[in-house]
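Because only heavy atoms are used, hydrogens play no part in the values below, and waters and symmetry mates are left out as well, while side chains stay in.
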Amino acid sequence: MTLCVAIDGPSGAGKSTVGHALAQRIGATFVDTGLMYRALTLAALERGVDPDDGPALGDLAGTCEIEVERPGPEHPDRLETVRLDGRDVTDAVRTPTVDRAVSAVSRHAEVREAMLPVQRAAAFRHDTVMVGRDIGTVVLPDATLKVYLVAAAAVRAGRRAAEMGAPERYEEYLAEILRRDTADSGRELAPLRQAEGAIVLDTGVLDVEGCVAVIVERLEAMGA
Ligand code: DC
């Protein structure tokens, strides 16, 4: 049985940063499932598939190849590389256009059904830290440990503005974060929820190392 840590939480809570640091610390593979939905969204935008057309998006998911892999040495700044039909789309999936469409794409049953086996297979192959919105609730309900990362919307927007070097766009980032929170928590299928038994960590209170330390301590206490 592989070890798997499921990390869920809203946009900008720091799931990727904490998840990646944790994976490095415990020697696990890091999988950011948000990148998979982003790559599918990019494919839909490029091929003119309507983000509201679930069946067409399900077909698209079945025909395009999405791979999330460890970045090569030429990309020391990246946590992961994502490929769409072999093409490196890591930068292209982070554009505002994809940001705006990804919640619509990811809410369809056909899309989630296509992603589920790929995500589960990754966790059964290696020890894994998997981050997303529904990992502890739907994808890996038997995960070794479930973590729910939170931070106040104002903290998340402030961090985003600092990361982008654009403090004047704080209000815009805040609005986008609140819009995604509502979309991700309010959708019918696999909404963002704290999984039963999850430990809750606030990244506005604990820094990355602090979060990793709590998680590692908990894993050790479980004998995992
Ligand atoms: O984590 P992120 O912001 O890159 O995720 C992009 C979108 O993908 C997010 O708005 C909701 C969706 N998503 C999802 O529905 N389920 C997941 N497990 C991960 C992401």
Side-chain angles (χ1 to χ4, degrees), residues 4-42 66-72 75-84 88-96 98-99 102-103 106 115 118-119 122-123 126-137 139-140 143 145-153 155-165 173 176-177 180-181 183-184 190 192 194-195 198-216:
C4 43
V5 179
I7 304 183
D8 294 300
S11 294
K15 299 182 298 291
S16 298
T17 313
V18 170
H20 187 262
L22 174 68
Q24 286 204 309
R25 173 82 173 269
I26 65 176
T29 301
F30 172 65
V31 181
D32 179 353
T33 57
L35 285 178
M36 299 179 181
Y37 291 99
R38 285 173 178 275
L40 180 65
T41 301
L42 179 69
I66 295 170
E67 295 155 295
V68 179
E69 58 188 42
R70 225 171 254 223
H75 294 295
D77 50 317
R78 283 187 185 171
L79 301 182
E80 288 191 295
T81 285
V82 57
R83 290 185 190 280
L84 175 60
D88 184 341
V89 293
T90 315
D91 296 327
V93 300
R94 295 256 173 233
T95 60
V98 172
D99 276 353
V102 66
S103 298
S106 59
M115 294 296 182
V118 182
Q119 295 168 351
H126 311 279
D127 288 351
T128 306
V129 176
M130 190 172 286
V131 310
R133 300 293 186 291
D134 61 337
I135 310 305
T137 51
V139 181
L140 305 173
L145 183 66
K146 299 174 189 179
V147 179
Y148 195 68
L149 274 196
V150 295
V155 170
R156 291 182 277 140
R159 264 194 316 235
R160 175 106 174 120
E163 261 165 35
M164 304 302 285
Y173 294 133
E176 175 61 18
I177 279 174
R180 300 249 313 271
D181 282 1
D184 295 345
L192 171 64
Q194 181 184 329
I199 56 171
V200 182
L201 299 176
D202 186 335
T203 61
V205 176
L206 284 175
D207 63 8
V208 176
E209 274 318 305
C211 292
V212 170
V214 172
I215 298 169
V216 168

Exercise for the section: Supply the atom-to-atom distance D134 CG to L192 CG, rounded to the nearest 0.5 angstrom. Expected result: 9.0 Å
Practice task
I would like to know whether D88 and T81 meet side chain to side chain contact (heavy atoms under 4.5 Å, CB included); could you show each step before the answer?
Solution key: CA-CA 7 Å; D88 184 341; T81 285; 4.0 Å; yes
Exercise for the section: Evaluate the side-chain proximity of T203 to R159: yes if any heavy-atom separation is below 4.5 Å, no if none is. Expected result: yes
Practice task
Rounded to the nearest 0.5 Å, what's the gap from OG1 on T137 to CD on Q194? Could you check?
Solution key: 11.0 Å
Practice task
State the OG1-CZ distance between T29 and R70, to the nearest 0.5 angstrom.
Solution key: 6.0 Å
Fill in the blank from the handout: Partner of M115 under side chain to side chain contact (heavy atoms under 4.5 Å, CB included), picked from V139, T33, L40, is L40
Practice task
Would you indicate whether the side-chain heavy atoms of M36 and V93 approach each other to under 4.5 Å?
Solution key: no
Exercise for the section: Ignoring hydrogens and angles, tell me if any N or O in the side chain of K15 forms a donor-acceptor pair with the backbone of P10 under 3.5 Å. Expected result: yes
Practice task
Kindly indicate whether the side chain of V89, heavy atoms from C-beta on, has any atom under 4.5 Å from the side chain of R38.
Solution key: no
Problem - K146 side chain to G136 backbone, donor-acceptor under 3.5 Å - result: yes
Practice task
With the side chain counted from C-beta on, respond yes when L201 and V18 share a heavy-atom pair under 4.5 Å apart, and no when they do not.
Solution key: no
Practice task
For A151 and D202, work out which heavy atoms get closest and say how close.
Solution key: CA-OD1, 3.6 Å
Problem - Side chain to side chain, V129 and I26, heavy atoms closer than 4.5 Å - result: yes
Fill in the blank from the handout: For I177 and R156 the tightest heavy-atom approach is CG2-NH1, 3.4 Å
Problem - Minimum-distance pair of heavy atoms, taken over all atoms of A6 and I135 - result: CB-CG2, 3.5 Å
Exercise for the section: Starting at CG of L206, measure out to CD1 of I215 and round the result to the nearest 0.5 Å. Expected result: 9.5 Å
Problem - Nearest-0.5 Å distance that lies between atom CG in L84 and atom CD in E67 - result: 9.5 Å
Handout entry: Side chains of L22 and V5 in contact at under 4.5 Å (non-hydrogen atoms)
Key = yes
Practice task
Using a 4.5 Å cut-off on heavy atoms from C-beta on, say whether the side chain of E209 contacts that of R25.
Solution key: yes
Practice task
Mind listing the closest non-hydrogen atom pair of D181 and S11 along with its distance?
Solution key: OD1-N, 4.2 Å
Exercise for the section: Grab the two heavy atoms, one from L140 and one from A123, that are nearest each other, plus how far apart they are. Expected result: CD2-CB, 3.7 Å
Practice task
Consider only side-chain N and O atoms of S106 and R133, and report whether a donor and an acceptor are under 3.5 Å apart.
Solution key: no
Problem - Nearest-0.5 Å distance, CG of residue L145 to CD1 of residue I199 - result: 5.0 Å
Fill in the blank from the handout: All heavy atoms of L79 vs all of F30, minimum pair found to be CB-CE2, 4.4 Å
Handout entry: Flag side-chain contact, heavy atom, 4.5 Å: V82 against I66
Key = yes
